[in-house]
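Please read the structure below before turning to the comments.
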2 protein chains.
Amino acid sequence: MRMGGATAEQGCLRLKQVPTGRCAVCGVRQASFCSVLSTAELQQLHAMSSQKIFEPGELIVEEDASVRQVANVLSGTIKLFKLLPDGRQQITGFLFGGDFLGPMLSGEYATFAEAVNRVELCMFDQDRLRERMDAWPHLERRLFEDATQTLDRALDWMLLLGRKTATERVASFFVMLADRVGEKNDATAVVEVPMSRSDIADYLGLTMETVSRQISQLKRAGLLAAQGQHVLEIRDLPTLRRRAEGSQ
Amino acid sequence: MRMGGATAEQGCLRLKQVPTGRCAVCGVRQASFCSVLSTAELQQLHAMSSQKIFEPGELIVEEDASVRQVANVLSGTIKLFKLLPDGRQQITGFLFGGDFLGPMLSGEYATFAEAVNRVELCMFDQDRLRERMDAWPHLERRLFEDATQTLDRALDWMLLLGRKTATERVASFFVMLADRVGEKNDATAVVEVPMSRSDIADYLGLTMETVSRQISQLKRAGLLAAQGQHVLEIRDLPTLRRRAEGSQ
DNA sequence: ACAGCGCTTTGATGTGTATCAAACCGGGGC
DNA sequence: GCCCCGGTTTGATACACATCAAAGCGCTGT
């Protein structure tokens, strides 16, 4: 059924040279790895993709699951995390719209992935995407770049987890949100904060209570202001950045 | 001068089909990215390589330096680290013989690199190696795998830095050493520990004193035993592994 | 052999954040 | 409108690790 549709769209393609179907209206295409594909390549990938919705709190992948699915995040927020045997949790990253979920080389996820809010994924069979990666060097390059960026972020977070104070960590967290999903002006930003205090804590290596106290303090200092549940205004991004690095 | 030598070696190549010159006697070739290259490819790379020695404590690369050199570690240990403005330091990883030093995609190092002990590097011009990467997909794949492994290790370390106790961190450190550079038997291992207590502390997000106390404690528990300065025996690796994960 | 020096270990005390506990707040259902 | 109820905030206390301080140990050079 879907294949038939794809073929019809491929017919159109030669005339229009723009993506058709889902990809045409995909809000994150330019932000995702799909941005490096030609229209023809996009059609091929489109034909092997499938969409899926995950509800808040739903587990998307289990650690060490030898998965066969990888995905683009179309919308929503995903937390990636690791657990110790006694239940202690460390969130290793969040994924937002346009981000790629899945290991392309190891075959296994080294972390759990869970939907923070309602998440919409565009999924691919891992082996079939790997075939495409073998065939299209620009796709492999793009996924390599993705891994490089993820690594850079992980190294920055190691500095945070190993050496920053609670205030610096919380400031860093909001700077990260502003940079990745914020509506930024010159000095201010509005960010959606879909995750709970305890998720923030598990990302920052703190407790929920400490996070809450630090946020209250930043609000009192006039650097942060609530804009309704789950939406927050950063009122002085440069100062917040300085605090995140400990330069007072 | 060097080019002439390389050409002569290329002549030999067709007869012998084994690496010649430095590469032939390179102790880390099989462990490095060179292992994926054919003899002919190795010759080409050999012709564009140069060796360099760094003395203990010497800075190899500066953060955000837009470097043009990348390298294989031939021998010695390198620490990679980040700094906060006030001097707080986080070591993000160590490199040992066979490991690759350098970012292949970003063009910039996001960390400092410093020689822990005497380090011997086999260096390449970044742009020229990138050309080779463009030309040889198996080389790009290998460097991608390298980045993937580095990322996996960074994520594991985030769990350590965010959620493990001092004992668990120090146990994890020696488990890491055993796995990467240890002479392992069934249950025991002998590892070289070239870095100082304060480097270990900066890797584990602790202080020198805490590291020292934890090591003393592991010695008293019979899990660790000194074998001269900078060499240490792990007397019960499985138990140490369990401690590293907090399962008592 | 001895002195000097850097690194490490051990000890005494301090503190930032965790833990325990209670009050608060906002949204959804009846 | 009001009552739950989960998530959040605030408060009181505890503790793991940091900090400050001194002693120990093993090189290196003379």
Side-chain angles (χ1 to χ4, degrees), chain A residues 55-57 77 79 84 86-90 114 116-117 160-174 192-221 224-232 243 246, chain B residues 55-57 77 79 84 86-90 116-118 160-174 192-221 224-232 243 246:
Chain A
E55 296 302 325
T77 304
K79 71 172 187 185
L84 286 169
D86 65 1
R88 277 172 287 170
Q89 179 173 126
Q90 178 64 43
E114 188 184 295
V116 170
N117 47 17
L160 177 148
L161 292 170
R163 289 300 180 217
K164 287 190 184 178
T165 66
T167 318
E168 290 159 7
R169 293 181 199 210
V170 172
S172 302
F173 175 72
F174 289 111
E192 210 206 319
V193 188
M195 59 291 281
S196 69
R197 292 292 182 263
S198 111
D199 280 343
I200 299 175
D202 284 340
Y203 190 35
L204 298 177
L206 299 169
T207 58
M208 202 182 59
E209 293 92 330
T210 299
V211 169
S212 179
R213 273 184 253 268
Q214 295 301 334
I215 292 178
S216 300
Q217 202 171 299
L218 289 173
K219 282 179 182 169
R220 261 179 263 124
L224 252 45
Q227 286 210 350
Q229 289 293 94
H230 296 284
V231 180
L232 205 136
R243 290 227 181 170
Chain B
E55 297 302 326
T77 304
K79 71 172 186 183
L84 285 170
D86 65 1
R88 279 173 286 170
Q89 179 174 124
Q90 177 64 42
V116 170
N117 47 18
R118 181 171 244 251
L160 177 147
L161 293 170
R163 290 301 181 215
K164 288 190 182 177
T165 64
T167 320
E168 289 159 7
R169 293 182 199 210
V170 173
S172 301
F173 175 73
F174 289 111
E192 210 206 318
V193 188
M195 59 291 283
S196 70
R197 292 292 182 260
S198 108
D199 280 343
I200 300 175
D202 284 339
Y203 190 35
L204 298 177
L206 299 169
T207 58
M208 200 180 62
E209 293 92 332
T210 299
V211 169
S212 179
R213 274 184 253 268
Q214 295 300 334
I215 291 177
S216 300
Q217 201 172 299
L218 288 173
K219 282 179 181 167
R220 263 178 262 122
L224 252 46
Q227 284 208 350
Q229 290 293 93
H230 297 283
V231 181
L232 206 137
R243 290 227 182 171

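We name chains A, B, ... by the order of the sequence lines, and we start the count at 1 in each one.
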**Q.** Within-4.5 Å side-chain heavy-atom neighbours: A/Leu204 and A/Thr210
**A.** no

Q. For C/dT9, does either OP1 or OP2 sit under 4.0 Å from a side-chain N or O belonging to B/Arg197?
A. yes

(Q) Counting only heavy atoms and a strict 4.0 angstrom limit, can you tell me which residues of residues 203-210 of chain A come near DNA chain C? (A) A/Gly205, A/Leu206, A/Thr207, A/Glu209, A/Thr210

Q: Answer yes or no: does a side-chain N or O of B/Ser216 lie under 4.0 Å from OP1 or OP2 of C/dT10?
A: yes

Q.
Can you confirm whether A/Gln214 sits close enough to A/Leu224 that some side-chain heavy atom of one is under 4.5 Å from a side-chain heavy atom of the other?
A. no

Q: Specify the residue among B/Ala166 and A/Gln229 whose closest nucleotide of DNA chain D lies further upstream toward the 5′ end.
A: A/Gln229

Q: Give a yes or no on whether the backbone of B/Leu161 and the side-chain of B/Arg169 come within a donor-acceptor separation of less than 3.5 Å.
A: yes

**Q.** Comparing B/Arg213 and B/Ser198 on DNA chain C - which has the more 5′ nearest nucleotide
**A.** B/Ser198

Q: Would you mind checking if B/Arg118 and B/Glu55 are paired as a salt bridge, meaning a charged N to carboxylate O distance below 4.0 Å?
A: yes

Q) Is the shortest heavy-atom distance from the side chain of B/Val170 to the side chain of B/Gln217 under 4.5 Å? A) no

**Q.** Close side-chain approach of A/Met195 and A/Val193, heavy atoms under 4.5 Å
**A.** yes

**Q.** A/Arg163 CZ to C/dT17 P, straight-line distance once rounded to whole Å
**A.** 13 Å

Q. Which nucleotide span of DNA chain D, 5' end to 3' end, has atoms closer than 4.0 Å to non-hydrogen atoms of chain A?
A. D/dT8 to D/dA12

Q) A/Ser196 near the nucleic acid: base, sugar-phosphate alone, or nothing, with a heavy-atom cut-off under 4.0 Å? A) sugar-phosphate

Q) Rounded to the Å, how far apart are A/Lys219 NZ and C/dC25 P? A) 12 Å

Q. Counting N and O atoms only, with roles assigned by atom type, does the side chain of A/Arg163 sit under 3.5 Å from a partner on the main chain of B/Leu206, one being a donor and the other an acceptor?
A. yes

Q) Mind checking whether B/Leu218 and B/Arg243 have side chains closer than 4.5 Å, heavy atoms only? A) yes

